[in-house]
Novice: 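Sharing a structure below in structure tokens format, with a few things to ask.
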Amino acid sequence: MQKQWVVSNPKVMMGKPVIAGTRLTVELILEKLAAGETMEQILEAHPQLTREAVLAALVFARDALRADVVYPLG
């Protein structure tokens, strides 16, 4: 059985998707990567995270963007 890394609970971070067992949101992980932080820097700053959890956050974001919703960009 594969671990469910990303979960959502209305009582945790207002229901935003977080890494299971933490209050670290997928959004935060994406922001850090977009700001140029490396995987190693993120893992060092948040020892409760694992490489698999960060990758799961990226997969979650990818899958969310695959939804049948069009986002006009300009």
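The chain is numbered in sequence order, starting from 1. Just the heavy atoms: all of them, side chains too, but no hydrogens, waters or symmetry mates, feed the values below.
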Novice: Indicate the atoms forming the closest heavy-atom contact of Arg51 with Leu43, along with that distance.
Specialist: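 Closest pair (atom of Arg51, atom of Leu43, distance): N-CD2, 3.8 Å.
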Novice: Closest approach of Val6 and Pro17, non-hydrogen atoms and distance?
Specialist: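 Closest pair (atom of Val6, atom of Pro17, distance): CG1-CB, 3.7 Å.
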Novice: Looking at Glu31, Lys16, Met14, which one forms a side-chain contact (heavy atoms from CB on, under 4.5 Å) with Thr25?
Specialist: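 Going through the options one by one, the only one that passes is Lys16.
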Novice: For Thr22 versus Val12, what's the shortest heavy-atom pair and its separation?
Specialist: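 Nearest pair, atom of Thr22 first, then Val12: O-CG1, 4.3 Å.
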Novice: How close do Ala20 and Val7 get, heavy atom to heavy atom, and via which atoms?
Specialist: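 Smallest interatomic distance, heavy atoms only, reads CA-CG2, 3.8 Å.
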Novice: When rounded to the nearest 0.5 angstrom, what distance separates CG in Leu24 from NE2 in His46?
Specialist: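 Leu24 CG to His46 NE2: 5.5 Å, rounded to 0.5 Å.
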Novice: Ion pair present between Glu27 and Lys32, side-chain N to carboxylate O less than 4.0 angstrom?
Specialist: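 Salt bridge absent between Glu27 and Lys32.
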Novice: Minimum heavy-atom separation for Ala61 to Leu30, with atom names?
Specialist: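 Looking at all heavy atoms of both residues, the shortest contact is CB-CD1, 3.7 Å.
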Novice: Side-chain contact test, heavy atoms from C-beta onward, threshold under 4.5 Å: evaluate it for Trp5 versus Val59 and give yes or no.
Specialist: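 Side-chain contact under 4.5 Å: no.
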Novice: Taking all atoms of both residues into account, what is the closest heavy-atom pair of Arg23 and Val18, and its distance?
Specialist: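 Minimum heavy-atom separation between Arg23 and Val18: C-CG1, 4.3 Å.
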Novice: For the pair Ile29 and Ile19, evaluate side chain to side chain contact (heavy atoms under 4.5 Å, CB included) and give the outcome as yes or no after the intermediate values.
Specialist: CA-CA 10 Å; Ile29 293 169; Ile19 301 302; 3.8 Å; yes
Novice: Ignoring hydrogens and angles, tell me if any N or O in the side chain of Ser8 forms a donor-acceptor pair with the backbone of Gly15 under 3.5 Å.
Specialist: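 Yes; at least one donor-acceptor contact below 3.5 Å.
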Novice: More than 12 foreign heavy atoms under 6.0 Å from CD of Gln41: is that the case here?
Specialist: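 Buried by this count: over 12 neighbours within 6.0 Å.
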